[in-house]
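Report on the structure given below.
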2 protein chains.
Amino acid sequence: MTLNVVSVTVDLVLLTIRQAALQVLLIRRGIPPYPDRWALPGGFVLPGEDLGEAAARELREETGLDPQHGHFEQLATYGTPGRDPRGRVVTVAYLALLPDLPSPVPGSDAAGAAWRPAAEITPGELAFDHDRILADGLERARAKLEYTPLATAFCPPEFTVADLRAVYETVWRTRLDPRNFHRKVTGAEGFIEPTGGTVIRDRGRPAQLFRRGPATLLHPPLLRQPAPQAQSSRVGGTSRSSDL
Amino acid sequence: MTLNVVSVTVDLVLLTIRQAALQVLLIRRGIPPYPDRWALPGGFVLPGEDLGEAAARELREETGLDPQHGHFEQLATYGTPGRDPRGRVVTVAYLALLPDLPSPVPGSDAAGAAWRPAAEITPGELAFDHDRILADGLERARAKLEYTPLATAFCPPEFTVADLRAVYETVWRTRLDPRNFHRKVTGAEGFIEPTGGTVIRDRGRPAQLFRRGPATLLHPPLLRQPAPQAQSSRVGGTSRSSDL
DNA sequence: GTAATAGTGTCTATGAGACATTATTGA
DNA sequence: TCAATAATGTCTCATAGACACTATTAC
């Protein structure tokens, strides 16, 4: 049995909410292949380095943040022959949900890095198969907001219920009733905890401040579909057969 | 930038229900490393072969089945340095849910292959890091039964409601009320469709036969926890931060 | 007949969305 | 005062689980 020689990279889908839009960090490539094209940040896994470590290192290099500042998980692995013209490259994609960064993205080794609204990325715009990786990451993020308290990963350490609602509305591209939303998130045990403080955003009654709670699963879940009587509508992120 | 040279393998978590138990296909290793130890079936990805193709090829070699016979999806990727004493090996794990096979498992290049009850695998029994891969696969399977119609992947083309209920009870290790279960699965649109036929298992009223429907997502989902008033109890398969 | 399994109906509690109402601030 | 936002309460409908009841078979 001969060992098959392959290069392994990690690619990052870094999502945040800036200017009331779901944005993704993209790198403008300076060198071939795909010069001057936008791509997901990423790089080769170093010898002796674990996959998650390599992804965390890239995260730090691109944003200065540690994985603990938001949510960080493995997304999927892509290895179709020919996906990289330089040779056989298998990439392990990671997904991170991050709070809005106070500081701008520092320049890296690429020609430029920028947060771009996810809705504005046109199909075929990204290098390699990064369109698909990004699409998988977005779907994973949307699905996870339903069953997990991960929406808080987009928020700063202290946030209001309205802040949290804005996360859901932005990621799902829907409107949610503020009163029912408030009742649901404050009623879901372990989701958010009051800090005791309040804040006044513009005008209106001061809002309580919360921090994320200890729950890792939402009971009951918040549901995307307004009227849950649909049938086989959407294809979930990993629910198709014969997945790559 | 130097290309990091790595070997890439695929490993398979093949699950089925046999003798009223959730069973996993294991291979008895004949050669080092880990001689005489049980391991998940797998092998190296061939040059020019896509990851999913390699996994499907291994599935055919081990069971004679195609991915369409059940459910087949990518699980996760594991690449911790030292996980394989032969060198840097990154493995992409796939999960398959299969119906009970009428024919026994044909012998492969390994010393032996056998279906083993998943509950009987003791921690540390499997070679490499296959304990963890198996645990991740089991948790993924359990979670997916809630939100998707994948339980039908464990069933033959035609099955009864009681057959389907047995799948849930076996995978979740719980008892479900037959009457409520019947109402829920027949009420979930696109989950199962009556074929018109009936069958008598032992004695009792004949049961209608069903086939899987077109739905890819269950509305409403079937829930595992009997009394959904718990809080941060279970850690979902991919919901922890800083995932590998 | 009895036992066993399949399938339907009914009851109650809970959570959903819709929406009124009160509370607290700035202008 | 008014406008705006925060927070709570009420109403109705759908679905959950518990469980009674009927249907159809083997023995």
Side-chain angles (χ1 to χ4, degrees), chain A residues 20 145-147 155 158-169 172 174-210 215 217-231, chain B residues 20 145-147 155 158-169 172 174-189 191-210 217-231:
Chain A
L145 290 206
E146 290 190 307
Y147 308 111
C155 296
E158 298 201 350
F159 52 88
T160 68
V161 173
D163 295 336
L164 190 62
R165 178 165 48 86
V167 169
Y168 280 91
E169 292 183 335
W172 286 349
T174 43
R175 289 284 123 188
L176 299 173
D177 185 282
R179 300 157 293 187
N180 293 333
F181 183 84
H182 190 283
R183 187 163 31 80
K184 281 162 80 165
V185 296
T186 53
E189 278 190 271
F191 188 8
I192 57 175
E193 298 174 336
T195 67
T198 59
V199 69
I200 301 170
R201 285 281 188 255
D202 188 21
R203 40 175 190 262
R205 175 174 170 176
Q208 284 181 265
L209 284 171
F210 293 86
L217 220 52
L218 276 192
H219 279 297
L222 279 81
L223 295 179
R224 255 185 288 189
Q225 48 278 11
Q229 59 196 18
Q231 54 160 342
Chain B
L145 290 206
E146 291 189 307
Y147 308 110
C155 296
E158 298 201 350
F159 52 88
T160 68
V161 173
D163 295 335
L164 190 62
R165 180 165 48 86
V167 169
Y168 281 91
E169 292 182 335
W172 286 348
T174 44
R175 291 282 124 188
L176 299 173
D177 185 283
R179 300 157 292 185
N180 293 333
F181 182 84
H182 190 284
R183 185 163 33 80
K184 281 162 82 165
V185 297
T186 54
E189 278 189 272
F191 189 8
I192 58 176
E193 297 174 336
T195 67
T198 58
V199 69
I200 302 171
R201 286 280 187 253
D202 186 23
R203 47 175 185 262
R205 176 174 169 174
Q208 284 181 267
L209 285 171
F210 293 85
L217 221 50
L218 276 193
H219 279 297
L222 280 81
L223 295 180
R224 255 186 287 189
Q225 47 277 16
Q229 60 195 20
Q231 54 160 344

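The sequence lines fix the lettering, A, B, ..., with proteins before strands; numbering per chain opens at 1.
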Problem set entry | Derivation of the side chain to side chain contact (heavy atoms under 4.5 Å, CB included) call for B:Leu209 and B:Phe159 | CA-CA 5 Å; B:Leu209 285 171; B:Phe159 52 88; 5.7 Å; no

For this session: Have a look at A:Arg179 and say if it touches a base, only the backbone sugar-phosphate, or nothing, with a 4.0 Å heavy-atom cut-off.
Result: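 Base: the residue A:Arg179, judged by heavy atoms under 4.0 Å, touches a nucleobase.
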
For this session: Describe the nucleic acid contact of B:Arg183 in one word from base, sugar-phosphate, nothing, applying a heavy-atom distance below 4.0 Å.
Result: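 Base contact.
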
Between N or O atoms, less than 3.5 Å apart, protein on one side and nucleotides 23-27 of chain D on the other: list the pairs.
unit_1	atom_1	unit_2	atom_2	d
D:dA23	O4'	B:Arg205	NH1	3.2
D:dT24	O2	B:Arg205	N	3.1
D:dT25	O2	B:Gly204	N	3.3

Nucleotide [N], atom [atom2] - distance to [atom1] of [X] in whole Å:
| X | N | atom1 | atom2 | value |
| --- | --- | --- | --- | --- |
| A:Phe181 | D:dG9 | CZ | P | 19 Å |
| B:Glu189 | D:dA14 | CD | P | 14 Å |
| A:Arg165 | C:dG17 | CZ | C1' | 15 Å |
| B:Leu222 | D:dT15 | CG | C1' | 12 Å |
| B:Leu209 | C:dG7 | CG | C1' | 15 Å |
| B:Asp177 | C:dT12 | CG | C1' | 15 Å |
| B:Leu164 | C:dG7 | CG | C1' | 15 Å |
| A:Leu176 | C:dC19 | CG | P | 16 Å |

For this session: List for me each residue that meets ring pair (Phe, Tyr, Trp, His ring centres under 6.0 Å) alongside B:Tyr168, sequence neighbours excluded, and say none if there are none.
Result: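 Listed in chain order: B:Trp172, B:Phe181.
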
Exercise. B:Leu222 versus B:Val185: any side-chain heavy-atom pair under 4.5 Å?
Worked result: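 Yes. Closest side-chain heavy atoms under 4.5 Å.
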
For this session: Kindly indicate whether the side chain of B:Phe191, heavy atoms from C-beta on, has any atom under 4.5 Å from the side chain of B:Leu217.
Result: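 No - every pair of side-chain heavy atoms lies 4.5 Å or more apart.
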
Problem set entry | Residue A:Lys184, side-chain heavy atoms: nucleotide from C:dG17, D:dC19, D:dA6 that is nearest |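 Selected nucleotide: C:dG17.
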
Exercise. Sequence neighbours excluded, which residues qualify as side-chain contact (heavy atoms from CB on, under 4.5 Å) partners of B:Arg201?
Worked result: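 In terms of side-chain contact (heavy atoms from CB on, under 4.5 Å), with neighbours along the sequence ignored, B:Arg201 is linked to B:Thr160, B:Asp163, B:Val199.
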
For this session: Quick one: list whatever passes side-chain contact (heavy atoms from CB on, under 4.5 Å) with B:Ala166, sequence neighbours left out.
Result: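 Result, side-chain contact (heavy atoms from CB on, under 4.5 Å) vs B:Ala166: none returned.
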
Exercise. Excluding sequence neighbours, so at least two apart, what forms salt bridge (Lys or Arg N to Asp or Glu O under 4.0 Å) with A:Arg183?
Worked result: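 For A:Arg183, no residue satisfies salt bridge (Lys or Arg N to Asp or Glu O under 4.0 Å) once neighbours in sequence are set aside.
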
For this session: Note down the inter-axis angle between the two ends of the helix from C:dG1-D:dC27 to C:dA27-D:dT1, five pairs each, to the nearest 10°.
Result: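 Terminal axis comparison yields 10°.
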
Exercise. For D:dA6, does either OP1 or OP2 sit under 4.0 Å from a side-chain N or O belonging to A:Gln208?
Worked result: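 Indeed not, no polar side-chain atom of A:Gln208 lies that close.
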
Exercise. Any side-chain N or O of B:His182 under 4.0 Å from OP1/OP2 of C:dA6?
Worked result: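 Negative; the distance criterion is not met.
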
For this session: Indicate, yes or no, whether a donor-acceptor pair under 3.5 Å links the base of D:dA16 to the side chain of B:Asn180.
Result: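 For B:Asn180, whose side chain was compared with the base of D:dA16, there is no donor-acceptor pair (under 3.5 Å).
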
Exercise. Would a distance-only check, ignoring hydrogens and angles, find a side-chain to backbone donor-acceptor pair under 3.5 Å from A:Glu169 to A:Leu176?
Worked result: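 Yes, because the side chain of A:Glu169 sits within donor-acceptor range (under 3.5 Å) of the backbone of A:Leu176.
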
For this session: Would you confirm whether the ring centroid of B:Tyr147 sits within less than 6.0 angstrom of the ring centroid of A:Tyr147?
Result: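 Centroid separation for A:Tyr147 and B:Tyr147: below 6.0 Å.
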
